[in-house]
Enquirer: 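Encoded as C-alpha cells, here's the structure I'll be asking about.
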Amino acid sequence: MSSQEVRVRFAPSPTGHLHIGGARSALFNYLYARHHGGKFIVRIEDTDQARNVEEATDKLMTSLKWLGIDWDESTDVGGPHGPYRSMERLDTYQSYLNQLLEEDKAYYCYMTEAELEAEREAQLARGEMPKYSGRDRNLTQEEREAFEAKGLKPVVRFKVPQGDTVVIDDAVRGKVSFETEGIGDFVIARSDGVPTYNFAVVIDDHLMKISHVIRGEEHLSNAPRQALVFEALGFEKPKFAHASLILNPDRQKMSKRDESIMQFVEQYKELGYLPEAIVNFLALLGWSPVGEQELFTIDELIEQFSLERVSKAPAVFDTDKLAWVNNQYVKEADSDRLTDLAIPHLQEAGHLEADVSAEKREWLKKLVKLYQEQMHYAAEIVPLSKLFFQKEISYPEEVQPVLKEEQVSEVLSHFKSEVEQLEDEDFNPENVKKAAKTTQKATGHKGKKLFMPIRVAATGQMHGPELPDAIYLLGKETVLARLDQALEIA
Ligand code: GLU
C-alpha cells in the first residue's frame with residue numbers, strides 16, 4: 001500500500017468526553033497524515049447504541065479542535081467517502097452482510113443469552129477458555145425455520161476459518177500471529193441488524209480508503225478479527241500500527257473508573273492547561289524523537305513524527321511531567337491569554353466579580369505576570385495569589401519571629417512613612433524600591449534585616465513574588481494597614 005495516498009482516521013465511539021488515550025490516537029494519526037501530506041478523517045462509530053451518549057460527538061470534536069487537531073473529512077465538513085457516522089451507513093453494511101451470508105462466510109445464530117451463558121459456564125468449569133461453540137454454524141433450513149417459528153431473532157456470526165494463523169504485520173510490533181483456534185465465531189450483526197464494531201470498521205476502513213490504522217494496543221486483539229473480515233470480503237488490508245498502552249502514574253493499567261487521575265482532555269482544559277502543552281506531552285506518550293529535545297511545537301512534531309519511533313513499551317502517564325511541560329509553555333505564554341484563563345478561576349473562588357473592569361483587568365494581568373514563572377496551569381493562580389484577595393492578614397506562627405526581631409519596629413515605621421509620603425499616582429514598584437532604599441540609608445539595616453520584615457508584614461509570607469511588584473499590586477492602602485498591623489506585633 002506504500003504508493004497509495006496516506007489516509008488515516010480517528011474513529012471514536014461517542015461515549016463521552018475525549019479520553020487522553022483517544023486524544024493520543026487522534027494526534028498520532030493527525031501527525032502521520034500531515035507529515036505525509038495525506039488526509040486525516042474523523043469518523044464516528046456509533047453502532048453500539050447502548051453506549052452512545054448524547055452530545056458526545058460535539059464534545060469530542062470540540063476537544064480535538066481545542067488541541068489544534070483539525071480534519072479533512074468528517075460528519076461536519078463532509079468528504080468524498082461519507083457518511084462519516086456509522087449509523088448512517090446501515091444500508092452499506094447490510095449489503096456486505098448479505099454477501100458474506102450468501103457466500104457461507106457468515107451465518108445466523110439463534111442462541112439465547114441464557115444458552116450462551118450456560119455454554120460459557122460449562123467451558124469455564126472444564127477449565128477451557130470461553131468461546132462460542134459454533135452450535136448454529138451448520139443449521140439446516142428446517143432448523144432455522146423452527147427457531148424462527150419460536151420467535152427467536154438471530155444475530156449474524158462470522159465463520160472463523162479453523163486451524164489457521166492470522167498474521168498482522170504491525171508497523172510498531174512487527175509480525176504478530178494469532179491462531180484462529182482461539183477466536184470463536186464472533187457476532188458481526190446484532191439481532192436488530194445493526195453491525196458490530198469489528199464488522200463496520202472493516203467496511204468503513206475499506207470504503208474510506210484508509211491506508212493505515214493507527215490506534216492503541218487495546219485494539220490489537222481486534223486486529224485478527226478485522227483481518228479475517230477484510231479477507232472474507234476480498235478487501236486489501238490497511239497497514240496496522242498499534243501504539244503502546246498508556247499506564248497510570250502507578251504503572252497500572254488505566255481504568256476509566258479510576259478517579260485518582262484526570263483522564264479527559266476537557267478536565268485539563270478546565271484547569272487552564274494549554275493545548276499546545278497537552279499536544280507536546282501526548283506526542284511523547286509512546287513516541288520518541290531522535291534527539292534529546294523535549295519541547296515541540298505541533299509543526300515540529302509533524303515534521304519529526306514517524307511510526308518507526310512509536311514504541312511498543314507501555315507509556316506512563318506522568319502527571320508531574322505534564323505539569324512541568326505545561327509550566328514551560330505558561331512561562332512563554334502571552335499574559336493576556338493567561339489572564340483570560342485565570343479570570344474564571346478567580347471568579348469561582350469569589351475573588352472577582354462577574355464583570356471585570358478594564359482597570360481591574362490590567363491589575364490582574366500584572367498579578368498573573370507575578371506568578372507566571374511558577375504557575376503550572378491557570379487554576380493555580382487561586383492558591384498562589386491568595387494574599388492579594390484577603391483584606392485582613394493573619395501572621396502565621398512561623399513568620400512571627402521575623403516580626404519580633406529587634407530592628408523591625410524601626411524598619412517598618414520608616415518604610416511606612418516613606419510609603420505614606422508617596423502620592424497615589426507615584427505609588428509604583430520603582431518608588432517602592434526607592435522607599436526601601438531610603439529606609440536602608442536611614443536605619444542602617446540592609447539585606448534580610450530590611451526586606452524580610454517588609455515582606456512578612458506586607459504578604460504574611462517569608463517567600464513569594466518580587467516584593468516591589470507585590471507591594472504595588474497590593475495597593476497603598478492595604479500595605480499601610482498591614483504595616484500597622486505588623487507594627488503591633490513588632
Ligand atoms: N470505535 C473504536 C474506539 O472508539 C475505534 C477503534 C479503532 O480505531 O479501530 O475505540
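We count ligands from 1, going down the list as the structure has it; atoms in each ligand are counted the same way. Numbers here are sequence positions counted from 1.
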Enquirer: For His376, enumerate each residue passing the side chain to side chain contact (heavy atoms under 4.5 Å, CB included) test, keeping only those at least two apart in sequence or located in another chain.
Expert: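 In terms of side chain to side chain contact (heavy atoms under 4.5 Å, CB included), with neighbours along the sequence ignored, His376 is linked to Ala323, Asn327, Glu380.
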Enquirer: Which side-chain N or O atoms in residues 145-158 pair as donor and acceptor under 3.5 Å with protein atoms at least two apart or in another chain?
Expert:
| residue | atom | partner | partner atom | Å |
| --- | --- | --- | --- | --- |
| Glu145 | OE2 | Gln141 | NE2 | 3.0 |
| Glu148 | OE2 | Tyr110 | OH | 2.4 |
| Arg157 | NH1 | Asp185 | O | 2.8 |

Enquirer: In this structure, is the centre-to-centre distance between the rings of Tyr377 and His345 below 6.0 Å?
Expert: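 Centroid distance His345-Tyr377: not below 6.0 Å, so no.
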Enquirer: Once ring pair (Phe, Tyr, Trp, His ring centres under 6.0 Å) is applied, do any residues pair with Tyr93, and if so which ones, sequence neighbours excluded?
Expert: none
Enquirer: Is it true that the NZ or CZ of Arg309 lies under 6.0 Å from the centre of Phe305's six-membered ring and within 45 degrees of the ring axis?
Expert: no
Enquirer: Does one side chain, of His242 or Arg173, offer a donor that lies under 3.5 Å from an acceptor on the other?
Expert: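 His242 vs Arg173: no donor-acceptor pair found between side chains.
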Enquirer: Under a strict 4.0 Å criterion on non-hydrogen atoms, which protein residues are in contact with ligand 1?
Expert: Arg9, Ala11, Pro12, Ser13, Glu45, Tyr197, Val201, Arg215, His219
